[in-house]
Amino acid sequence: MTTRDHLLPVYAPPEEVFVRGEGVWLETDRGERYLDFIAGIAVNALGHAHPKLVSALTDQAGKLWHLSNMFRVAGAERLSAKYCAASFADVVFFTNSGTEAIEGSLKLVRKFHSANGQPERIDIIGFDGSFHGRSYAAINASGNPSYLDGFGPKLPGYIQCKFGDLEAVKAAAEAPTFAGILIEPVQGEGGVRAGSDEFLRGLRKLCDEKGALLVFDEVQCGTGRTGKLWAHEWVGITPDVMALAKGVGGGFPLGAFLATKEAAKGMAFGVHGSTYGGNPLAMAVGEAAFDEISKPEFLEHVRAISSHFGQSLEGLKDRHPELILEVRGKGLLRGLKLSTPPKPLQQAARERKLLVGVAGENVLRFAPPLIVEEGHIAQAIDTLDAVFNAVHAEAAA
Ligand SMILES: *Cc1c(COP(=O)(O)O)cnc(C)c1O
């Protein structure tokens, strides 16, 4: 028997031990199968053990693992060109996680103003309910007190506004120190809230007027999760900078930040770096994942299955109106805003072999692999129905 005694107790996982996965399924060491509707927190976009990712990783593993950025990495040159061809961006920096992608994005914003002769412009405007990772910059940008508590004074240059409150952002942007805005077009951890088109367009316009940079954190909502390659495509605007991770590596630790040439003007030789970022193993898997996810027919599948999933969740809400207050999110990043705490329901679903997440205040979160099919959705909805019925029965008893 193994033990958790020597792991820092910052997590509290359930007892089950998963030892293999295939597609939307996970299997425990006892051979029990679970339907996975959280996918490693929106990471396993192509499901578990996708044959193309397995062969990309194992082929590369037999050739070359690591070089560092002292040398040219052919995979990084290819993948960066693919990201740029498919987005607003001209340049890419590869990282190993979402946090590092955010960290680099924020450094880029400040360096941009410094390169423009305005080093005093340091203020990053973020939002309540946001999540950007756990580094000092990321927790300060998010401003969530539970992530900041006990870690020393808040860093200067981070301001929070209410998600959706354009007037508040405009007021904060009046400061001569305003540098940029950091926002998830669809909030993940914060409760699966999609920003309105009007709000996001307002932020774009404001940044243009003020010569500030707009940074989209698409770590969770990007890379096909909403049915478009990038979530901001739904809004018809582009950011100056975008942070990626999670689904972009399909399960291999990979992140990136992308920027226009103009926004990245301060990021010259030597100002930023990473030993592992853009390593050949990550590039091999990242390229295989991107080649699959960026196919028009794949994204078409995500849009079709998303609308089916959305309708099924609305049906569930109609059957349980006292428990489900709202269906939230976009594409295959969905939430049910509940009238009760979601943890007991998450556990009840797990006991019925369905894995789901939680988020924000009383939100049950779903982020199935993008390869999910109608049959899996029917099974998940049946399970959730049974879970909600059990809550009703308990309340009546
Ligand atoms: C998960 C997440 C991050 C942090 O990514 P890590 O890989 O955990 O460092 C940042 N932003 C958003 C929106 C996320 O969901």
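The residues of the chain are indexed from 1 along the displayed sequence. In listed order, ligands and their atoms are each counted from 1. Because only heavy atoms are used, hydrogens play no part in the values below, and waters and symmetry mates are left out as well, while side chains stay in.
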> Below 4.0 angstrom, N of the basic side chain to O of the carboxylate: do R193 and D128 qualify?
Replying inline: yes
> Is F131 close to ligand 1, meaning an N/O of one under 3.5 Å from an N/O of the other?
Replying inline: yes
> Out of T99, V43, L182, whose heavy atom is nearest to atom 9 (O) of ligand 1?
Replying inline: T99
> Does R303 come within less than 4.0 Å of E300, counting only side-chain N to carboxylate O?
Replying inline: yes
> Applying a 4.0 Å heavy-atom criterion (strictly less than), which segment of Q187 is in contact with ligand 1: side chain, backbone, both, or neither?
Replying inline: neither
>> Tell me whether the count of non-hydrogen atoms from other residues, nucleotides or ligands lying under 6.0 Å of CD in E361 goes above 12.
In response: no
> Nearest protein heavy-atom contact for atom 11 (N) of ligand 1: which residue, which atom, what distance?
Replying inline: D217 OD2, 2.7 Å
> Among protein heavy atoms, which lies nearest atom 15 (O) of ligand 1, and at what distance?
Replying inline: K246 NZ, 2.6 Å
> Could R204 and D208 be called an ion pair, given the rule that one side-chain N must be under 4.0 Å from one carboxylate O?
Replying inline: yes
> Should the heavy atoms of other residues, nucleotides or ligands under 6.0 Å from CG of D149 be counted, would the total exceed 12?
Replying inline: no
> Less than 3.5 Å between some nitrogen or oxygen of G98 and one of ligand 1, yes or no?
Replying inline: yes
>> Please list, in number order, the atoms of ligand 1 under 4.0 Å from a heavy atom of E184.
In response: 13 (C)
